[in-house]
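A short write-up of the structure that comes next.
All values reported here derive from a predicted model rather than from experimental measurement.
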Amino acid sequence: MITFRWFGARDPIPLAYIRQIPAVRGIVSALFDIPVGEPWPLDRISALREEVEKHGMSLAVIESIPVHEDIKLGRDTRSQLVDKYCESVQNLGSAGVPVLCYNFMPVFDWTRTELARPLADGSTALAFEDAALAKIDLSRGTADLPGWATAYSADQLKQLLDAYRSVDEEKLWENFAYFLERVVPVAASAGVRMALHPDDPPWSIFGLPRIITSGAALERVTTIVDDSANGITFCAGSLAADPNNDLPAIVRRLGAKKRIHFVHCRNIKRTGRHSFQETAHPSEFGDVDMRAVLRALHETGFNGPIRSDHGRMIWDETGQPGYGLHDRALGAMYLHGLWEGTIGGPARGS
């Protein structure tokens, strides 16, 4: 199923427009006003699903329910916070939402240093440069970090960064295992497939540990709790930022275990070590062989949700960087055409 990210009532792109993109029949969305750590009410999730269904589409994926930093840090409060997370997962299942995309990145979610890098064709795109990241002054909180959605004051951010000084990669793995061992059984019982998103970018930033950076790491996740509900979001753009990641091989290994529950198809062009810019979705514009990725997905029997992930700003469109209508719509149709050509039929699925 080809899907499209929608940011709810605050999104300048209405569901009525998304419905007009041929082949897009699934929506990826979330509840954006609930404080991190608080359970998501069933009635709110159901209302979101009903709003999507009124426009002839399904609520295919929730992306995402954030994991509280106390869980990642392994603090004493984590037990109560995990219980609340489980309540949210149960409510997703009761509302009929089949997939939950989430991540386990300390402090910072997906990170870019540039929100509107000019490309040769006149469009603009998101970009990341390691040298530019090194110049960001975190003593001012997150004010200097482009596009960061979660605001931390200088004191709040300092306290968090100080707390992570005692958390190395193996400790973060231990804290993640604690989370999975308690949440996955609840998800399995509720009929919800957990889909862990890789770290973006897939390396340490600001000295913080990042562990979900490779195919081997994703496979390790699936072994912590060996249940089909414990799966991953395969994000081509995130993984491709590291040239050591062989995307079709990762798909085949995880796809053979039926652990890929959601797919983000984004193309990027590597511009140096730990540096890249996002591009148009077709393979020729970046370092992702999108046809090879979709072929590997098909060969392993994937039939879940796929979305065109991020997009350039084209045709003078303005809006949330990476989430305009036009280029993501082009990307959705490109993916639909590739998938149809690969399987010999329309892009349909669960």
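- Ion pairing between K171 and D168 fails under the 4.0 Å rule for side-chain N and carboxylate O.
- Between E219 and the options I232, L254, I250, a side chain to side chain contact (heavy atoms under 4.5 Å, CB included) holds for only L254.
- The shortest distance between side-chain heavy atoms of F262 and R193 does not fall below 4.5 Å.
- For the side chain to side chain contact (heavy atoms under 4.5 Å, CB included) test with K158, the passing option among L160, D162, L161, D155 is D162; the others fail.
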Exercise. Mind running side chain to side chain contact (heavy atoms under 4.5 Å, CB included) on I211 and R220 for me, showing each step along the way?
Key: CA-CA 10 Å; I211 56 175; R220 179 174 174 177; over 6 Å; no

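- One N or O on the side chain of S29 and one on the backbone of W6 form a donor-acceptor pair closer than 3.5 Å.
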Self-check item: Stepwise salt bridge (charged side-chain N to carboxylate O under 4.0 Å, His left out) test for E129 and R117
Solution: CA-CA 11 Å; E129 295 288 341; R117 172 172 290 183; 3.1 Å; yes

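- The two residues A125 and R312 have their closest heavy-atom pair at CB-CG, 4.1 Å.
- Going from atom CE of M194 over to atom CG of L180 covers 7.0 Å, rounded to the nearest 0.5 Å.
- Exactly one residue among H55, R49, E53 makes a side chain to side chain contact (heavy atoms under 4.5 Å, CB included) with E51. That residue is H55.
- Closest heavy-atom contact between A332 and I21: CB-CG2, 4.4 Å.
- Under the 4.5 Å side-chain criterion, counting only non-hydrogen atoms from C-beta, E284 is not in contact with N267.
- Residues I62 and L48 are in side-chain contact: their nearest non-hydrogen atoms beyond the backbone lie under 4.5 Å apart.
- With E278 contributing its side chain and R266 its backbone, the two residues share no donor-acceptor pair below 3.5 Å.
- Note on F285 and L119: separate hydrophobic clusters, where clusters join Ile, Leu, Val, Met, Phe, Trp and Tyr whose side-chain heavy atoms are under 4.5 Å apart, directly or indirectly.
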Exercise. Apply the test side chain to side chain contact (heavy atoms under 4.5 Å, CB included) to residues Y334 and M290: give CA-CA distance (whole Å), side-chain angles for both, the deciding distance (0.1 Å), then the verdict.
Key: CA-CA 10 Å; Y334 168 71; M290 208 67 74; 3.8 Å; yes

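- For the atom pair NE2 (H197) and CE (M105), the distance works out to 6.0 Å, reported to the nearest 0.5 Å.
- Closest approach of P305 to V61, counting heavy atoms only: CG-CG2, 3.6 Å.
- At least one donor-acceptor pair closer than 3.5 Å links the side chain of E69 to the backbone N or O of V107.
- With rounding to the nearest 0.5 Å, the separation of CG in L100 from CD1 in I65 is 5.0 Å.
- Under the 30°/60° scheme for interplanar angles, the aromatic rings of Y102 and Y85 are found to stand perpendicular.
- Note on L115 and M313: separate hydrophobic clusters, where clusters join Ile, Leu, Val, Met, Phe, Trp and Tyr whose side-chain heavy atoms are under 4.5 Å apart, directly or indirectly.
- Side-chain contact between C235 and D309 is present, with heavy atoms from C-beta onward closer than 4.5 Å.
- Within the 4.5 Å cutoff, the side chain of L133 has heavy atoms near those of the F206 side chain.
- Both I136 and Y164 are assigned to one and the same hydrophobic cluster, defined by single-linkage of ILVMFWY side chains at heavy-atom distances under 4.5 Å.
- Between the D287 side chain and the R270 main chain, a donor and an acceptor come within less than 3.5 Å of each other.
- In this structure, the side chain of D199 engages the main chain of I212 through a donor-acceptor pair within 3.5 Å.
- Judged by distance alone, the side chain of S79 and the main-chain N or O of D76 form no donor-acceptor pair under 3.5 Å.
- Across N103 and V67, no two heavy atoms sit closer than the pair O-CG2, 3.7 Å.
- A donor-acceptor pair is defined here as one N or O able to donate and one able to accept, closer than 3.5 Å; such a pair exists between the side chain of Q156 and the backbone of S153.
- A donor-acceptor pair shorter than 3.5 Å can be found between the side chains of Y323 and H310.
- Side-chain N or O atoms of T342 include one that pairs as donor or acceptor with a backbone N or O of L338 at under 3.5 Å.
- Annotation: side chain of F108 is not in contact with side chain of D200 (no heavy-atom distance under 4.5 Å).
- Put simply, the side chain of V183 reaches to within 4.5 Å of the side chain of V82, judged on heavy atoms.
- Both V221 and I260 belong to a common hydrophobic cluster when Ile, Leu, Val, Met, Phe, Trp and Tyr are linked at side-chain heavy-atom distances under 4.5 angstrom.
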Would you mind writing out the side-chain donor-acceptor pairs for residues 32-43 within the sub-3.5 Å range, not counting sequence neighbours?
from: D33; atom 1: OD1; to: R44; atom 2: NH2; distance (Å): 3.0
from: E38; atom 1: OE2; to: K84; atom 2: NZ; distance (Å): 3.3

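- Going from atom CD of E317 over to atom OG1 of T124 covers 10.0 Å, rounded to the nearest 0.5 Å.
- The shortest side-chain heavy-atom distance between M57 and R19 falls under the 4.5 Å cut-off.
- The environment of R10 atom CZ is dense: over 12 non-hydrogen atoms of other residues, nucleotides or ligands sit within 6.0 angstrom.
- The aromatic rings of W203 and F276 sit perpendicular to each other, their planes meeting at more than 60°, with 30° as the lower class boundary.
- Salt bridge E181/R78: absent, no basic N to carboxylate O contact under 4.0 Å.
- Considering all non-hydrogen atoms of both residues, A190 and V89 come closest at CB-O, 4.1 Å.
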Quiz item: Could you walk me through whether R259 and D226 pass the side chain to side chain contact (heavy atoms under 4.5 Å, CB included) check?
Solution: CA-CA 10 Å; R259 295 301 183 89; D226 189 9; 2.5 Å; yes

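- Linking ILVMFWY residues whenever their side-chain heavy atoms come closer than 4.5 Å, directly or via other members, leaves L330 and I2 in distinct clusters.
- Under the side chain to side chain contact (heavy atoms under 4.5 Å, CB included) test applied with R5, the options I27, I18, V28, D11 reduce to a single match, V28.
- One finds the OG1 atom of T300 at 12.5 Å from the CZ atom of R295 (value rounded to the nearest 0.5 Å).
- Listed here is the closest heavy atom pair of M1 and G26: SD-CA, 3.5 Å.
- Put simply, CE on M333 and NE2 on H336 are 5.0 Å apart, with the number rounded to the nearest 0.5 Å.
- A donor-acceptor pair under 3.5 Å is absent between the side-chain atoms of K72 and the main chain of N175, judged by distance alone.
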Practice problem: Take C265 and I306 through the test side chain to side chain contact (heavy atoms under 4.5 Å, CB included) and record every step on the way to the result. | Solution: CA-CA 7 Å; C265 285; I306 300 173; 3.9 Å; yes

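- At least one donor-acceptor pair under 3.5 Å links the side chain of N245 to the backbone N or O of L239.
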